[in-house]
2 protein chains.
Amino acid sequence: MFHFSSRSLYALRALYELALCEQGPPMKIAFIAQRQKIPTRFLEGILAQLKRGGIVESRRGVEGGYHLARRSQYLTIGEVLRFLEGPVDFTNSQKKGKKDSISGPTDPFNGLWQKLEKTVETAIDEMTFRDLIEFNERTGQYIPNYII
Amino acid sequence: MFHFSSRSLYALRALYELALCEQGPPMKIAFIAQRQKIPTRFLEGILAQLKRGGIVESRRGVEGGYHLARRSQYLTIGEVLRFLEGPVDFTNSQKKGKKDSISGPTDPFNGLWQKLEKTVETAIDEMTFRDLIEFNERTGQYIPNYII
DNA sequence: ACAATCCCGACTGGAATGATAGGAAAGCAT
DNA sequence: ATGCTTTCCTATCATTCCAGTCGGGATTGT
């Protein structure tokens with residue numbers, strides 16, 4: 001229940017990688033893909049999408065690559081997830097057709113869904129990539145191991 | 001993001017309907033389907049599944065129908081959702097193949113996922129169908145309109 | 001010119017989803 | 001027993017989504 005798509009999970013990890021080296025030169029797709037074990041061509045498409053969403057920027061050519069469009073303390077997990085997966089919504093409203101969803105205003109579960117939505121949104125919106133890096137540095141759960 | 005399947009939403013609403021009349025005679029599929037605007041044959045399958053999960057019981061024949069297997073104050077939303085949609089899990093572990101999921105123990109997002117999982121689980125596990133009925137009676141958001 | 005790198009759109013195989021259909025089995029009345 | 005009602009089981013189907021691949025085009029620095 002509640003699974004994210006691989007696409008979103010890959011995107012978050014790629015952005016984390018970019019955040020780790022945000023003051024360095026642009027980072028190449030192939031490099032990110034190798035470090036995070038993401039299929040290269042798949043990651044290409046994901047990063048292109050993130051670029052269209054204004055989350056990353058890129059340069060082409062021999063010294064090209066990707067970098068964050070903003071600094072990591074201003075980029076939240078929630079913003080990325082919302083961009084990739086649409087708004088938080090536990091009911092079944094379809095993405096395209098704005099027709100009536102299964103649950104309407106008289107749905108007895110509306111209160112519960114709204115409470116859940118708010119809880120989750122708060123959690124993912126107050127967590128920035130910088131927070132994540134700091135947290136993992138402190139707990140040592142994730143070792144960057146960068147030799148540059 | 002986080003949509004439930006129609007199946008689960010239908011199931012919850014059907015159970016809500018059963019809970020509203022839990023002291024009455026068994027309720028027929030066709031009746032529930034009509035009240036909650038659920039395709040009848042689809043609801044058949046859903047209720048059969050809920051029966052196999054020990055959530056409802058049934059009787060066949062002319063006075064047959066469904067009723068809750070337990071009283072509504074002992075049936076939580078969480079139990080139903082977990083039965084239909086599997087355990088709460090924000091990472092991408094596949095249901096069948098227990099192979100390695102995309103995120104491992106060194107995933108920098110593990111802490112966030114675990115926090116979210118716990119929050120959501122708590123919310124859906126402490127809400128029973130009786131709670132729902134009482135809440136909706138108080139706020140008047142949902143009018144049963146039963147004429148029996 | 002050339003090589004590195006990002007960029008774009010099409011495509012595919014598999015799985016999940018949202019149903020629908022035929023008929024079997026069970027319960028009850030007569 | 002017969003027949004009616006209702007649940008129960010299995011199969012099928014169309015559509016959509018998902019993960020991943022592919023070929024080739026556009027940019028950039030040297």
Side-chain angles (χ1 to χ4, degrees), chain A residues 1-11 13-14 18 25-34 36-53 55-67 69 84-86 91-97 99 101-102, chain B residues 1-11 13-14 18 25-34 36-53 55-67 69 84-86 91-97 99-103:
Chain A
M1 172 163 40
F2 297 123
H3 297 287
F4 286 110
S5 63
S6 292
R7 190 177 187 85
S8 295
L9 264 10
Y10 285 152
R13 303 211 319 213
L18 290 179
M27 195 177 280
K28 299 182 211 334
I29 292 176
F31 180 75
I32 303 172
Q34 189 207 342
Q36 290 286 340
K37 307 260 181 54
I38 305 172
T40 308
R41 301 300 295 270
F42 194 21
L43 181 57
E44 262 186 42
I46 294 169
L47 285 169
Q49 187 181 3
L50 291 175
K51 179 183 181 173
R52 287 192 291 274
I55 293 170
V56 298
E57 290 171 351
S58 66
R59 275 186 62 193
R60 298 200 242 199
V62 57
E63 288 295 311
Y66 280 93
H67 60 93
L84 292 174
E85 307 241 344
T91 63
N92 198 17
S93 68
Q94 306 298 11
K95 288 157 189 170
K96 296 271 177 177
K99 312 207 164 185
S101 61
I102 284 179
Chain B
M1 170 161 45
F2 298 124
H3 297 293
F4 287 110
S5 61
S6 293
R7 191 178 186 83
S8 296
L9 264 10
Y10 285 153
R13 303 210 317 211
L18 290 180
M27 194 177 281
K28 298 184 210 331
I29 292 176
F31 179 75
I32 303 171
Q34 188 206 344
Q36 290 286 341
K37 305 260 180 54
I38 305 172
T40 307
R41 300 302 295 270
F42 194 20
L43 181 57
E44 264 186 41
I46 295 169
L47 285 170
Q49 186 181 5
L50 291 175
K51 178 183 181 174
R52 286 191 292 274
I55 293 170
V56 298
E57 290 171 351
S58 67
R59 276 185 62 191
R60 299 200 240 198
V62 57
E63 288 294 311
Y66 280 92
H67 60 93
L84 291 174
E85 306 241 345
T91 64
N92 198 16
S93 68
Q94 306 298 10
K95 287 160 190 168
K96 296 271 176 178
K99 313 207 164 186
D100 38 31
S101 62
I102 285 179
S103 75

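The sequence lines fix the lettering, A, B, ..., with proteins before strands; numbering per chain opens at 1.
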- Note on the structure: Per atom distances to the B/Ser58 side chain, the nearest of D/dT7, D/dG20, C/dC6 is D/dT7

- Query: Is any N or O donor-acceptor pair between the side chain of A/Arg41 and the base of D/dG23 shorter than 3.5 Å?
  - Reply: yes

- Message: Considering every strand and a 4.0 Å limit on heavy-atom distances, what is the contact class for B/Gly65: base, sugar-phosphate, or nothing?
- Response: sugar-phosphate

- Item | Atom-pair distance (NE2 on A/His3; P on C/dA15), nearest Å | 16 Å

- Contact summary for A/Ala69 and A/Glu57, nearest pair of heavy atoms: CB-CG, 3.9 Å

- Write down the distance between CD (B/Gln49) and P (C/dT17), rounded to a whole number of angstrom. 11 Å

- Item | Interatomic distance, B/Leu9 CG vs C/dA19 C1' [rounded to whole Å] | 16 Å

- How many angstroms lie between CG in A/Leu47 and CG in A/Leu18, if you round to the nearest 0.5 Å? 7.0 Å

- Query: Atom CD of A/Glu57 and atom P of C/dC7: how far apart are they, to the nearest Å?
  - Reply: 11 Å

- Message: A side-chain contact here means heavy atoms from C-beta on lying under 4.5 Å apart; do A/Phe4 and B/Met1 qualify?
- Response: yes

- Sugar-phosphate, base or nothing in reach of A/Ile29, heavy atoms under 4.0 Å: sugar-phosphate

- Spell out yes or no: do the side chain of A/Arg60 and the base of D/dT28 have one donor N/O and one acceptor N/O closer than 3.5 Å? no

- How do A/Arg59 and A/Ser8 order along DNA chain D: which one's closest nucleotide is nearer the 5' end? A/Ser8

- Message: Is it true that, when you exclude B/Gln34 itself, more than 12 heavy atoms of the residues, nucleotides or ligands shown sit nearer than 6.0 Å to its CD?
- Response: no

- When the nearest nucleotide of DNA chain D is assigned to A/Gly61 and to B/Val62 on a heavy-atom basis, which residue is associated with the more 5' position? B/Val62

- Item | Gap between atoms CD and P, on B/Glu44 and C/dA25 respectively (whole Å) | 16 Å

- Query: If you check the B/Tyr10 side chain, which of C/dG18, C/dA19, C/dC7 turns out closest?
  - Reply: C/dA19

- Note on the structure: Which of C/dA26, C/dT20, C/dC7 is nearest the side chain of B/Phe42? It is C/dT20

- Among C/dC7, C/dG18, D/dT7, the nucleotide that comes nearest once only the side chain of B/Lys28 is considered: D/dT7

- Message: Counting only side-chain heavy atoms from C-beta out, which of C/dC7, C/dA19, D/dC9 sits nearest to B/Arg52?
- Response: D/dC9

- Which listed nucleotide (C/dC7, C/dA19, D/dG20) is nearest to the side chain of A/Ser6? D/dG20

- What is the distance from NE2 of A/His67 to P of C/dC6, rounded to the nearest Å? 12 Å

- Query: How long is the line joining CD1 of B/Ile46 and P of C/dT17, in whole Å?
  - Reply: 12 Å

- Query: To the nearest Å, how far apart are A/Leu50 CG and C/dC6 P?
  - Reply: 14 Å

- Note on the structure: Heavy-atom nearest pair, A/Pro26 first then A/Glu63, reads CG-O, 3.8 Å

